[in-house]
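Single-structure report; data block below.
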Amino acid sequence: MAIPILIEILNLLILIVVVGFIFSGYIRAPKNYAKPRTFFSWDDFLFSIAIAAPAILIHELAHKFFAIGFGVSATFKIFAIGIVIGIILRLVNSPFLILAPGYVEIGNAAQSLAPLQMSLVALSGPLVNLVLWLVPKFILKASRNRRIRLKKNTAIFLHYTSLLNMWLFIFNMLPIPPLDGFQFIYNLIKAF
């Protein structure tokens, strides 16, 4: 049992590093704004990890823990093709990003889940992104209305967090197989 867990942890660590590298081409650390963009910056890399890794990791872990909560095994796996595509787009400085770095594989007992349960497992990941989109957006709005005061770096962090999670939510909720939106709608229709 320990080996699969170690492999899963290794996959999560690989995901964090890869996502940090990929997004460092799109997200800049606040102290690098005045500097010319370079191909790689440790500051941008670490700032990108702080923003993008939680958005993707918590999304995938929500799928995993919802499935486990319904009594089936679930394992986080790296999607190598998705990672390679993301890295290539980063290396060629593509103006857009397609990223599918990993997924949660639900065990053989998935057939025992009711369609409504499968629908909730599919929805759990995007709901994380919805919260990570709207909470920073609300905090930024409160800051603009002078209800709270934010430091500039915090405001930049919240802006990027909100923006990234908005796109992750919208992308994942598209009703296209194998995206979460398709799984959610398909299983919801099956349930009713």
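- Judged purely by atom type and a 3.5 angstrom limit, S162 uses its side chain to pair as donor or acceptor with the backbone of W133.
- A donor-acceptor pair under 3.5 Å is formed between the side chain of D44 and the backbone N or O of A29.
- What you find for H63 and P126 is that their closest heavy atoms are CE1-CD, 4.0 Å.
- Looking at E60, E105, E8 one by one, the single match for salt bridge (charged side-chain N to carboxylate O under 4.0 Å, His left out) with K77 turns out to be E105.
- Put simply, the side chain of V17 does not reach to within 4.5 Å of the side chain of F21, judged on heavy atoms.
- Annotation: the span from I68 atom CD1 to T75 atom OG1 amounts to 7.5 Å, rounded to 0.5 Å.
- In this structure, L113 is a member of the same hydrophobic cluster as L120, with clusters built from ILVMFWY side-chain heavy atoms closer than 4.5 Å.
- Of the inter-residue distances, the one linking D180 atom CG with L174 atom CG reads 10.5 Å to the nearest 0.5 angstrom.
- Under the 4.5 Å side-chain criterion, counting only non-hydrogen atoms from C-beta, F23 is not in contact with F47.
- Side-chain atoms of K152 and I156, non-hydrogen and from C-beta on, do get closer than 4.5 Å to each other.
- With hydrophobic clusters built from ILVMFWY side chains whose heavy atoms lie under 4.5 angstrom apart, L179 does not share a cluster with M166.
- Between F45 and W42, the ring-plane angle classifies as perpendicular under the 30° and 60° cut-offs.
- With hydrogens and angles disregarded, a donor-acceptor distance shorter than 3.5 Å links the side chain of Y26 to the backbone of F96.
- With rounding to the nearest 0.5 angstrom, the CG atom of L46 is 9.5 Å from the OG atom of S24.
- Each of I58 and F184 belongs to its own hydrophobic cluster when Ile, Leu, Val, Met, Phe, Trp and Tyr are linked at side-chain heavy-atom distances under 4.5 angstrom.
- Atom CD1 in I139 sits 13.0 Å away from atom CZ in R147 (nearest 0.5 Å).
- I49 approaches P54 most closely through the heavy-atom pair O-CD, 3.2 Å.
- For the residue pair A74 and K64, the shortest heavy atom distance occurs at O-NZ, 2.6 Å.
- Separating the NZ atom in K31 from the CG atom in D43 is a distance of 4.0 Å, to the nearest 0.5 Å.
- Here the side chain of R37 pairs no donor or acceptor atom with the backbone of R28 at under 3.5 angstrom.
- Taking the six-membered ring where the residue is Trp, F79 and Y103 present perpendicular rings, their angle passing 60° and hence far from 30°.
- In this structure, S94 contributes its side chain and L89 its backbone to no donor-acceptor pair below 3.5 Å.
- Contact of the L116 side chain with the N187 side chain is not registered, since no non-hydrogen atoms from C-beta on lie closer than 4.5 Å.
- Within the 4.5 Å cutoff, side-chain heavy atoms of L130 are placed close to those of L127.
- Tested against N11, the residues I9, I7, L15 include a single side chain to side chain contact (heavy atoms under 4.5 Å, CB included) partner, I7.
- Counting heavy atoms of neighbouring residues, nucleotides and ligands inside a 6.0 Å radius, atom CZ of F76 exceeds 12 of them.
- Residues P136 and H159 are not in side-chain contact: their nearest non-hydrogen atoms beyond the backbone lie 4.5 Å or more apart.
- One hydrophobic cluster, built from ILVMFWY side chains closer than 4.5 Å, holds both I83 and L10.
- The 12-atom threshold is not exceeded at CD1 of I81, counting heavy atoms of other residues, nucleotides or ligands nearer than 6.0 Å.
- Looking at heavy atoms from C-beta onward, Q117 lies out of side-chain contact with V72 at the 4.5 angstrom threshold.
- Taking the side chain as every heavy atom from C-beta outward, I56 and L99 approach each other to under 4.5 Å.
- Each of F39 and V92 belongs to its own hydrophobic cluster when Ile, Leu, Val, Met, Phe, Trp and Tyr are linked at side-chain heavy-atom distances under 4.5 angstrom.
- Across G20 and S48, no two heavy atoms sit closer than the pair O-CB, 3.5 Å.
- Counting all heavy atoms, side chain and backbone alike, Q183 lies closest to P178 at CG-O, 4.1 Å.
- The OG atom of S143 sits 13.0 Å away from atom NZ of K151, with the distance rounded to the nearest 0.5 Å.
- Between the side chain of N165 and the backbone N or O of V131, no donor-acceptor pair lies under 3.5 Å.
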